[in-house]
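These figures come from a predicted structure and were not determined experimentally. Just so it is clear, the values below take in all heavy atoms, side chains as well, and ignore hydrogens, waters and symmetry mates. Residue numbers start from 1 in every chain, and the chains themselves are labelled A, B, ... in the order their sequence lines are given, proteins ahead of strands.
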Number of protein chains: 2
Amino acid sequence: MSLRHGLLGLLAEGPASGYDLARRFTEVLGSIWPAQHPKIYAELNKLAAEGLVEVESEGPRRRKAYRITDPGVVEVKRWLTDVDVDHTMRLQPLLRSLFFWMMDTDELQRHLEAEASYYRELADQYRDYAARKDRGEFGYSEQTQSMRVTIEAGIRLYSALADWAEWAQTVPPAKPTPPHANG
Amino acid sequence: MSLRHGLLGLLAEGPASGYDLARRFTEVLGSIWPAQHPKIYAELNKLAAEGLVEVESEGPRRRKAYRITDPGVVEVKRWLTDVDVDHTMRLQPLLRSLFFWMMDTDELQRHLEAEASYYRELADQYRDYAARKDRGEFGYSEQTQSMRVTIEAGIRLYSALADWAEWAQTVPPAKPTPPHANG
DNA sequence: CTAGGACATGTCCCTAGGGACATATCTGAG
DNA sequence: CTCAGATATGTCCCTAGGGACATGTCCTAG
């Protein structure tokens, strides 16, 4: 139920169309909160029906830009302060890591190298983003300040995963002889 | 579609009942791959129907222990090596962080402190687990070696998030006067 | 003037997951 | 003997999300 509040939050920065929002979701939020355009349009219609957003303008190509309403702002703030954070994390790579013992050493090494470079690349992307932000490319509004904080989380998270994948390559595959079974 | 392979992987370590598996999922995997018992039982029945697992024994209280079959083992290995890793990450706390600018400073500080201690606690839990593993409490099988690697990821991930939440508390709320607007 | 491509919004279906509810079985405390 | 509580397995419904498919609109290159 966070797509709803994600949209409201983005609209709190200023009016935007479903298309704009879909682009922002894939560009900025792609790796931490994926959302497909069909869901976005559907949710926008629901939000409009509930009066949390309203059509601000209609443009060419049936474009509809939405604006957040006062009740909409109230709702995002309520969500931010009164609703418990959902800490659910569902990371398939970590689930897989439980079963590394079933892979043979070569495969595992290849896998871990691929994972490491995947995470390293994402971390670098976020780092670039942060550098551009710090250079002032996106201005100095409070919104971009928050974005900077989100980006920092991306950097740290993906760096941690990259380091982990590299570290895992150095872990000895298994103990062939348990300590109590020698002799 | 990973619950399926999670169950197969756990069963590859040895026979277990749905109840056992549910416990393992909440205890070890709770924070990185949540799964409710109804889904687990349903999936086990499907897996049994497809011949990837079979009933190993029936115990008291209608207990059914399952054992992985050869095709089951083949299927986990296929998943581990041939199926692309799903890197989807959906972290509500990061989505929320995009909207920190809508919270007032006090609320935000309280929020970040709560987040930091939440993550710190989880990191500590994983660290304890790792220490127990390193002391040999869980033996030295290849399975526990893999578990150790998974735990390490938990430690690093949650430490990174805790550090981030602490760091975020030191970030100035916003720039009241943009650099080009002074004078 | 016409066709390809970007812009823009949607429908539809299927599966995964959350969570409330139901039920059977066994053990141990009183 | 009885009842609480742990063990153990399920049904059912609802929502969220993934992804294929459909459609309309405008611009621009040829």
Side-chain angles (χ1 to χ4, degrees), chain A residues 1-8 10-11 15-27 29-50 53 55-66 79 83-92 95, chain B residues 1-8 10-11 15-27 29-50 53 55-66 79 83-92 95:
Chain A
M1 227 4 198
S2 297
L3 174 59
R4 176 182 203 76
H5 296 102
L7 292 172
L8 284 175
L10 289 180
L11 285 174
S17 69
Y19 194 80
D20 297 336
L21 293 166
R23 248 190 312 114
R24 288 204 61 185
F25 260 94
T26 55
E27 282 172 10
L29 291 163
S31 55
I32 58 154
W33 201 270
Q36 273 78 25
H37 73 265
K39 283 290 155 182
I40 291 174
Y41 290 118
E43 196 61 48
L44 281 172
N45 283 328
K46 272 195 228 169
L47 287 169
E50 293 171 38
V53 304
V55 175
E56 181 236 11
S57 65
E58 310 214 358
R61 292 168 181 139
R62 321 169 92 208
R63 178 193 171 88
K64 271 185 294 181
Y66 291 90
W79 178 65
V83 178
D84 283 342
V85 180
D86 179 359
H87 289 104
T88 306
M89 203 184 270
R90 191 172 241 112
L91 298 179
Q92 205 198 68
L95 179 63
Chain B
M1 231 0 200
S2 298
L3 174 58
R4 176 182 204 76
H5 296 103
L7 292 172
L8 284 175
L10 289 180
L11 285 173
S17 68
Y19 195 80
D20 297 335
L21 293 165
R23 247 189 313 113
R24 288 203 62 184
F25 260 93
T26 55
E27 281 170 13
L29 292 163
S31 56
I32 58 155
W33 201 271
Q36 273 77 27
H37 73 266
K39 283 289 154 183
I40 291 174
Y41 289 119
E43 196 62 48
L44 281 172
N45 284 327
K46 272 194 230 168
L47 287 168
E50 293 170 39
V53 304
V55 175
E56 180 235 13
S57 65
E58 309 215 356
R61 294 168 180 139
R62 322 169 90 208
R63 177 192 172 88
K64 273 186 291 181
Y66 290 90
W79 178 65
V83 178
D84 283 341
V85 180
D86 178 0
H87 289 105
T88 305
M89 203 184 270
R90 191 172 240 111
L91 298 179
Q92 205 199 67
L95 179 64

Between protein and nucleic acid, restricted to nucleotides 4-6 of chain C and to nitrogen or oxygen atoms under 3.5 Å apart, what atom pairs and distances do you find?
none

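- Straight-line distance from the CD atom of B/E58 to the P atom of C/dA24: 17 Å, rounded to whole Å.
- Here B/R63 pairs with B/S17, B/D20 under the side-chain contact (heavy atoms from CB on, under 4.5 Å) rule; sequence neighbours left out.
- In terms of the side-chain contact (heavy atoms from CB on, under 4.5 Å) criterion, B/T26 has no residue partners (sequence neighbours excluded).
- Scanning residues 36-49 of chain B for heavy-atom distances under 4.0 Å to DNA chain D yields B/H37, B/P38, B/Y41, B/N45.
- Listed by chain and residue number, B/E75 satisfy the side chain to side chain donor-acceptor pair (under 3.5 Å) test with B/H5 (two or more places apart in sequence, or in another chain).
- For B/V83, the side-chain contact (heavy atoms from CB on, under 4.5 Å) partners are A/R96, B/R78, B/W79, not counting sequence neighbours.
- At the heavy-atom level, B/R90 lies under 4.0 Å from the strands shown only through sugar-phosphate atoms.
- Scanning for salt bridge (Lys or Arg N to Asp or Glu O under 4.0 Å) contacts around A/E56 gives an empty result, with sequence neighbours left out.
- With sequence neighbours left out, A/R90 forms a salt bridge (Lys or Arg N to Asp or Glu O under 4.0 Å) with no residue at all.
- Applying the side-chain contact (heavy atoms from CB on, under 4.5 Å) criterion to A/K64, with sequence neighbours excluded, gives A/N45, A/V55, A/E58, A/Y66.
- Partners of A/Q36 by side chain to side chain donor-acceptor pair (under 3.5 Å), not counting sequence neighbours: none found.
- When every heavy atom of B/I40 is checked against every heavy atom of B/G18, the shortest pair comes out as CG2-O, 4.0 Å.
- Here B/S57 pairs with nothing under the side chain to side chain donor-acceptor pair (under 3.5 Å) rule; sequence neighbours left out.
- Residues A/W33 and A/P60 both approach DNA chain D. Their nearest nucleotides, taken by heavy-atom distance, put A/W33 toward the 5′ side.
- Once you apply a 4.0 Å limit to the heavy atoms of chain B, the touched nucleotides of DNA chain D run 5' to 3' over D/dT7 to D/dG18.
- The nearest whole Å value for the distance from the CZ atom in B/R62 to the C1' atom in C/dT23 is 7 Å.
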